[in-house]
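Notes for the one structure printed next.
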Amino acid sequence: MRLLHGRPLAERLAARSRERSAALLGRGIHPALTVISVGIDSAANTYLLRLVRGGEALDITVRDVSLHRDATEQAVSAELDRASRDPAVHGVLLLTPLPGKLDEAHLVDHIAAQKDVEGVNPYNVGLAQGGRQRFVPSTAEAIVELLKFHDIPLAGADVVVVGRSTVVGRPAAALLLNEDATVTIAHKRTSDVGALTRRASIVVVAVGHAGFLTGAMISPGATVVDAGINMTPAGIAGDADADSVATVAGALSPVPGGVGTVTTALLLRNVLSAAEAQTGDG
Ligand code: NAP
């Protein structure tokens, strides 16, 4: 069984991003991302720390705006509006999940479409659905880019995506459809997930339950892309039961070391694309 490692792809993306960042700096443009978070300990948030560290390596300024967990929807939207208007900011990211009372679906409207590097504004969601993707959620893009990097054929492939969240399942399904795969989406109300996944040549699993997808649920030689990140007493685990899946699958993305390794590199690349587009070089 082949492991679909993310690191070589992340390194390739970073190398290209370094060149693009240097070109922007050469034109006097300092690429910048503003990350707005609500109610998190920003010094302890691993995703934010990864972005800051990744940004440093690429000369991208990552500015963290942390709001108190009691911040109102108005206060959060005001910060999103401010960053969206600021000409020195090229990308705007709203960290999720948000504290319960805040409505993410309304807040994303306040991220300017051309700075929406995580592709959550309805305009960018619509472009992706229509096959004209510009910015798309980085985890979904990481799933597809990992498959392409490892030369897994997508056109005509029978793909089942388990999970339909707006950040992973739905956009991953849209991108796979854009690659001419035949895509089925499964969710909690799907009557028999295993009956679907056993017919697929590629299974993408993004449910948030450690070990959800077992070897008995896939066909021999299938490719499994595991987007899950679950904290278990034994450490980080994916949504696939790697031990049983490995005895049946032809290829599996490891957790850690697979999809999650690529997401930050893609998000930072999008900041550079946004900076280029906003400064007349896109
Ligand atoms: P989410 O918003 O909780 O969505 C989970 C999805 O899985 C929902 O659509 C849900 O169905 C479906 N689901 C849950 N239990 C199921 C079951 N028993 N059978 C079928 N479908 C089921 O989670 P998410 O944000 O998409 O995240 C999914 C996983 O990806 C998590 O492990 C998360 O940590 C990971 N993640 C990774 C990255 C990364 O960078 N690699 C980024 C984001 C998330 P319903 O819609 O019917 O409720």
Side-chain angles (χ1 to χ4, degrees), residues 4-7 9-10 13 35 37 40 45-51 53-54 93-100 102-105 108 117-120 125 128 135-147 149 159-176 183-198 200 203-214 216-218 224-232 234-242 245 252-270:
L4 307 179
H5 291 290
R7 185 164 299 282
L9 171 56
L13 288 164
V35 182
S37 61
I40 65 157
N45 184 282
T46 47
Y47 184 48
L48 186 56
L49 294 176
R50 275 217 318 260
L51 280 175
R53 226 173 291 133
L93 173 67
L94 175 64
L95 270 199
T96 56
L98 296 166
L102 295 173
D103 185 355
E104 188 183 329
V108 295
V117 286
E118 180 64 10
V120 289
V125 174
F135 296 128
V136 293
S138 50
T139 304
E141 191 165 22
I143 290 166
V144 178
E145 290 302 318
L146 197 61
L147 286 164
F149 181 78
V159 182
V160 171
V161 178
V162 192
R164 58 173 168 180
S165 72
T166 53
V167 284
V168 192
R170 283 172 199 255
L175 296 184
L176 288 160
V183 185
T184 303
I185 306 176
H187 48 78
K188 274 189 194 149
R189 302 292 291 272
T190 299
S191 60
D192 188 347
V193 175
L196 293 175
T197 52
R198 272 190 293 276
V203 178
V204 174
V205 61
V207 293
H209 298 303
F212 171 86
L213 186 86
T214 63
M217 294 169 73
I218 60 169
V224 174
V225 181
D226 186 350
I229 300 178
N230 305 289
M231 299 305 166
T232 72
I236 293 179
D239 288 348
D241 171 33
V245 165
L252 167 68
S253 70
V255 178
V259 173
T261 317
V262 181
T263 52
T264 315
L266 287 170
L267 188 100
L268 292 169
R269 183 200 63 180
N270 286 354

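Positions are given from 1, in the same order as the sequence printed here. Both counts, for ligands and for their atoms, begin at 1 and track the order of listing.
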Which of the numbered atoms in ligand 1 are below 4.0 angstrom from a heavy atom of [X]?
X      : value
Asn230 : 32 (O)
Gly163 : 6 (C), 7 (O), 9 (O), 12 (C)
Gly260 : 41 (N)

[X] versus [Y]: any side-chain heavy-atom pair under 4.5 Å?
X      : Y      : value
Asn230 : Ile236 : no
Asp239 : Leu213 : no
Leu175 : Val136 : yes
Asp192 : Thr190 : no
Thr261 : Leu9   : no
Leu266 : Leu268 : no

With respect to [atom], which of [options] exhibits the smallest heavy-atom separation?
atom                    : options                        : answer
atom 26 (O) of ligand 1 : Gly228, Gly208, Ser165         : Ser165
atom 44 (C) of ligand 1 : Ile229, Ile236, Val168, Asp226 : Val168
atom 15 (N) of ligand 1 : Arg189, His209, Arg170, Arg164 : His209
atom 29 (C) of ligand 1 : Val205, Val193, Asp239, Leu266 : Asp239
atom 35 (C) of ligand 1 : Ala227, Ala142, Pro256         : Ala227
atom 42 (C) of ligand 1 : Thr139, Thr166, Ile185         : Thr139
atom 22 (C) of ligand 1 : Val255, Val207, Thr263         : Val207

Nearest protein heavy-atom contact for [atom]: which residue, which atom, what distance?
atom                    : result
atom 18 (N) of ligand 1 : Phe212 CE1, 3.3 Å
atom 21 (N) of ligand 1 : His187 C, 3.2 Å
atom 16 (C) of ligand 1 : Lys188 CG, 3.6 Å

Open item on the list: Within the 3.5 Å criterion, strictly below it, is a donor on Glu104 or Thr96 matched to an acceptor on the partner's side chain?
Closed with: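 Note: Glu104 and Thr96 side chains miss the donor-acceptor criterion.
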Open item on the list: If we count only N and O atoms by modelled type, under 3.5 Å, do the side chains of Thr264 and Arg50 hold a donor and an acceptor together?
Closed with: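 Yes, a side-chain donor-acceptor pair sits under 3.5 Å.
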TODO: Run the contact test for Val167 against ligand 1 with a 4.0 Å cut-off on heavy atoms, strictly below, and give the result.
DONE: yes
Open item on the list: Between Glu141 and Arg269, does any NZ, NE, NH1 or NH2 come within less than 4.0 Å of an OD or OE carboxylate oxygen?
Closed with: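 The answer is yes: the pair qualifies as a salt bridge.
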